[in-house]
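Down below is the structure, laid out as structure tokens.
Within every chain, numbering begins at 1; the chains are lettered A, B, ... in the order of the sequence lines, protein sequences first and strands thereafter.
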Protein chains: 2
Amino acid sequence: MKVSDKRDNIMRAALELVTEKGFHGAPMSRIAEEAGVAAGTIYCYFESKDTLIDELYHELEEKLLAVLKEGYSTTMSLRERFLHLGTALLKYFITNPACFRYMEQYMLSPFGTALKKNRLLGQTGEESIFKNLFEDGIFLKVLKDLPLFIHFALAFGPLIALARDQTLGLISMDDAQITQATEACWDGIKR
Amino acid sequence: MKVSDKRDNIMRAALELVTEKGFHGAPMSRIAEEAGVAAGTIYCYFESKDTLIDELYHELEEKLLAVLKEGYSTTMSLRERFLHLGTALLKYFITNPACFRYMEQYMLSPFGTALKKNRLLGQTGEESIFKNLFEDGIFLKVLKDLPLFIHFALAFGPLIALARDQTLGLISMDDAQITQATEACWDGIKR
DNA sequence: AATAAATGAGTGAATATTCATTCGCAGATA
DNA sequence: TATCTGCGAATGAATATTCACTCATTTATT
């Protein structure tokens, strides 16, 4: 087994366990077991459980961001840009439920709130691509003249809620419904 | 100290600690300490930590539901009914941040997902009042012809997102913004 | 005095992390 | 080629901590 394989296996095991049982249902011992690795080995790759959790989050976010950018261009109309990002986000979460559940748990934990506070200053991550879209829309008077944070809530809130219900197995959406839901979000933010 | 005071103090302490540090940052020993009570005393009132957590949630939900029903009447127009409920919900969460943060944590934990699954069958709790509203709106062709769960997501998603950001101290909304946000939610669900 | 309520040190299980030891193998040596 | 050597990677038993929960005892109430 190669060095990088071990790191990947640890990541995979952590993702799976945290997703299924939550942060506290994922002890390092079980992560190690699941990864086919000794308990101490994790500490060859990660300083602590906290850094493992952090690094996994940032890796997932990077992948998500890459997917959102696929086929995205600022030359499209604002509505097209929004629909592209919204449906891509929802579809990605639905086809990668573990990713969604991990990111959501992270975001609601002390880790995530700390991250959010930092990002209020210099914007990074997936948020800036949406920020640009909303700012353009407000300037061009296509979107309502509301604070950015309300636009974020109106756009993301429903999509996250749907992703959650779907990954929990409470509902099952098809592509048409995904589009309908994203269009309704647009109705919420558009002027 | 009266018997009921002790129970209330335990509840208050649990709410405060869970709100600030999460379920796992709220060990029974600290809840007892914060409540001014011995560790064993909690077990005079609650069978286990789990039942304490459950009972606290249901108590908070009951209070919230009572507030939402204040001044609510099905004789109002659908839009008025929705704006009443939406703004009342958001205002209540903003003025009771601990309540919001507790309920959100609960809902995302295994406790909450179990509860949600049960409620899919026989509807109870705060959901039924919204369910009636949405069903009326769809029947009267005032709302989009979408599955109920999408309406729930469109209506609650943004409000919850805003309540979260506000209770985390990331934003600060005034009454006008609360109304604007709720009106935008209406735009999302209306035909 | 009799009963009930409250106490808090104690118990055992679980957990994150450490560290003395082992392992595997890339080069060096003969 | 065959053997040795050094070293970082990997190990997993041991450690120290934390936690939910118990129960013999004390305190309050009637």
Side-chain angles (χ1 to χ4, degrees), chain A residues 1-59 101-102 105-106 108-112 114, chain B residues 1-59 101-102 105-106 108-115:
Chain A
M1 196 191 288
K2 293 201 174 181
V3 163
S4 59
D5 282 344
K6 284 206 172 144
R7 215 190 110 99
D8 282 357
N9 281 345
I10 292 166
M11 286 272 197
R12 242 193 301 280
L15 177 61
E16 189 180 323
L17 278 169
V18 170
T19 293
E20 281 171 12
K21 315 246 186 179
F23 282 124
H24 35 289
M28 294 295 259
S29 54
R30 209 166 311 166
I31 292 174
E33 198 182 342
E34 195 87 11
V37 133
T41 307
I42 298 181
Y43 293 87
C44 297
Y45 296 96
F46 303 97
E47 205 179 89
S48 66
K49 189 177 184 180
D50 283 7
T51 64
L52 165 57
I53 288 170
D54 272 333
E55 286 189 33
L56 179 49
Y57 175 82
H58 286 101
E59 229 167 75
R101 289 188 51 72
Y102 186 92
Q105 277 192 63
Y106 181 93
L108 290 179
S109 73
F111 301 110
Chain B
M1 198 190 285
K2 295 203 168 180
V3 163
S4 59
D5 283 344
K6 283 203 174 146
R7 213 189 114 100
D8 281 357
N9 282 343
I10 292 165
M11 285 275 197
R12 242 193 301 279
L15 176 60
E16 189 180 324
L17 278 169
V18 170
T19 292
E20 281 171 13
K21 315 246 188 180
F23 283 122
H24 308 290
M28 295 295 260
S29 54
R30 269 184 64 78
I31 292 175
E33 199 183 340
E34 195 86 14
V37 134
T41 306
I42 297 180
Y43 292 87
C44 297
Y45 297 95
F46 304 97
E47 205 178 273
S48 66
K49 188 177 185 179
D50 283 8
T51 64
L52 166 56
I53 287 170
D54 272 334
E55 287 189 31
L56 179 48
Y57 175 81
H58 285 101
E59 230 167 75
R101 292 195 42 78
Y102 187 92
Q105 278 193 63
Y106 181 94
L108 291 178
S109 74
F111 301 109
T113 61
L115 185 63

Helical stems, DNA chain C - three or more consecutive Watson-Crick or G-U wobble pairs below 3.5 Å: C:1-30 with D:1-30

Using whole Å, what does the distance between atom C1' of nucleotide C:dA14 and atom NE2 of B:H24 come to? 14 Å

Which residues pass the side-chain contact (heavy atoms from CB on, under 4.5 Å) test with B:E33, not counting sequence neighbours? B:R30

Distance check needed: C:dG8 C1' versus B:M28 CE, whole Å only. 14 Å

For A:I10 and D:dT11, give me the distance from atom CD1 to atom P, rounded to whole Å. 9 Å

What's the CG-C1' distance between A:N9 and D:dA10, to the nearest Å? 14 Å

A side-chain contact here means heavy atoms from C-beta on lying under 4.5 Å apart; do A:F46 and A:I53 qualify? no

Listed by chain and number, what are the ring pair (Phe, Tyr, Trp, His ring centres under 6.0 Å) partners of B:Y57, not counting sequence neighbours? B:Y106

If you look at every heavy atom in B:L52 and B:M11, which pair is closest and at what distance? CD1-SD, 4.4 Å

Contact list please: residues 48-58 of chain A against DNA chain D, heavy atoms, distance less than 4.0 Å, in numerical order. none

Kindly point out which of D:dA13, D:dT11, C:dA6 is positioned nearest to the side chain of A:A38? D:dT11

A:R30 has a side chain; which of C:dT7, D:dT11, C:dT15 sits nearest to it? C:dT15

Nearest to the side chain of A:C44, heavy atoms from C-beta on, is which of C:dT7, C:dA16, D:dA10? D:dA10

Which listed nucleotide (D:dA10, D:dC19, C:dT7) is nearest to the side chain of A:Y45? D:dA10

Taking CD in A:E59 as the centre, count heavy atoms belonging to other residues, nucleotides or ligands within less than 6.0 Å. Is the count above 12? yes

Mind calculating the distance between CZ (B:R7) and C1' (C:dA5) to the nearest angstrom? 16 Å

Nearest of C:dT7, D:dT22, C:dA16 to any side-chain atom of A:Y43? C:dA16

Going from CG on A:N9 to NZ on A:K6, what distance comes out if it is rounded to the nearest 0.5 angstrom? 9.5 Å

According to the salt bridge (Lys or Arg N to Asp or Glu O under 4.0 Å) rule, which pairs have a member within residues 14-28 of chain B, sequence neighbours left out? none

Could you pull out all residues at least two apart from A:H58 that satisfy ring pair (Phe, Tyr, Trp, His ring centres under 6.0 Å)? none

Which listed nucleotide (D:dA9, D:dA13, D:dT11) is nearest to the side chain of A:V37? D:dT11

Rounded to whole angstroms, how far apart are NZ on A:K6 and C1' on D:dG12? 13 Å

To the nearest angstrom, the CD1-C1' distance between B:I31 and D:dC21 comes to 13 Å

Using whole Å, what does the distance between atom C1' of nucleotide D:dC19 and atom CZ of B:F23 come to? 16 Å

Report yes or no: does A:T51 contribute a side-chain atom to a donor-acceptor pair with the main-chain N or O of A:E47 at less than 3.5 Å? yes

